[in-house]
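If you read the sequence from its start, that first residue is 1, and numbering goes on from there.
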Amino acid sequence: MAHMNQPSLSLERTKAALKDVLEAFAAPENKALMDKQKETAGNDMMHMMHLVFPVSTQIQMEAIQKYGFSPDGEGAIKFAQTVRQYEAADNEIAEMASRLKSMFLPPLPAMAPPQSQGPMGAS
């Protein structure tokens, strides 16, 4: 079973961990692998989940181990929860977290404005 005791990081340690994760994604071999997986997945969310998420999780897990997180999905979730607890209070963490998410989440389609042309089907 996975480690139940995950670390509690300070604000500064969370910034350092995020910086390390972003640097790991920027490493040429990881960037090339992520680009390849994203290209293969296109904008299909199911393909993203099967191709991009496992690679991004692996890259992230390798970077967060030295901060005491377990090298598994649970560690990645605990790290994400740690980041989330500081996002609202710290602009630098919020910005880094946003950059991290953009590396493995497809851009959301723009929402169409609500139609205000009267009842549907009226002719």
Test: salt bridge (Lys or Arg N to Asp or Glu O under 4.0 Å). Region: residues 44-68. Which pairs qualify, not counting sequence neighbours? Asp20-Lys66
Do Thr14 and Tyr67 have side chains that get closer than 4.5 Å, going by heavy atoms? no
Minimum-distance pair of heavy atoms, taken over all atoms of Pro71 and Gln65: CB-CD, 3.4 Å
Results of side-chain contact (heavy atoms from CB on, under 4.5 Å) for Ile77 - residues two or more places apart only: Gln81
Between CG on residue Asp72 and CD on residue Gln58, distance to nearest 0.5 Å: 10.5 Å
Partner residues of Glu87 under the side chain to side chain donor-acceptor pair (under 3.5 Å) criterion, sequence neighbours left out: Lys101
Measure from the side-chain N and O atoms of Ser98 to the backbone N and O of Ala94, and report whether any donor-acceptor pair falls under 3.5 Å. no
Please name the pair of heavy atoms, one in Met61 and one in Ala76, separated by the smallest distance, quoted to 0.1 Å. CG-CB, 4.3 Å
Contacts of type side-chain contact (heavy atoms from CB on, under 4.5 Å), residue Gln85, not counting sequence neighbours: none
Any chance you could lay out the side-chain contact (heavy atoms from CB on, under 4.5 Å) test for Met34 and Gln37, step after step, and finish with the verdict? CA-CA 5 Å; Met34 284 294 291; Gln37 298 295 62; 5.6 Å; no
For a quick test of reading the model, state the closest non-hydrogen atom pair linking Gln60 to Phe79 and the distance between them. NE2-CD2, 3.9 Å
How would you list, by chain and number, every residue that makes a side chain to side chain donor-acceptor pair (under 3.5 Å) with Asp35, sequence neighbours excluded? Lys31
Using side chain to side chain donor-acceptor pair (under 3.5 Å) as the criterion, list what pairs up with Lys36, not counting sequence neighbours. none
Partners meeting side-chain contact (heavy atoms from CB on, under 4.5 Å) with Ala27 (sequence neighbours left out): Glu29, Asn30
Would you check if the side chain of Lys19 reaches a backbone N or O of Met96 as a donor-acceptor pair within less than 3.5 Å? no
Using salt bridge (Lys or Arg N to Asp or Glu O under 4.0 Å) as the criterion, list what pairs up with Glu12, not counting sequence neighbours. Lys15
Contact list for residues 10-32, test ring-ring contact (aromatic ring centres under 6.0 Å, His included), sequence neighbours left out: none
According to side-chain contact (heavy atoms from CB on, under 4.5 Å), who are the partners of Ala41, at least two apart in sequence or on a separate chain? His47, Met48, Leu51, Val52
Looking at every non-hydrogen atom in both residues, tell me the closest pair between Ile93 and Asp90 and how far apart they are. N-OD1, 2.9 Å
Residues which pass side chain to side chain donor-acceptor pair (under 3.5 Å) with Arg84, listed by chain and number, not counting sequence neighbours: none
Search all heavy atoms of Gly75 against all heavy atoms of Ile64 and return the closest pair with its distance. O-CD1, 3.6 Å
Nearest heavy-atom neighbours spanning Tyr86 and Leu11: OH-N, 3.3 Å
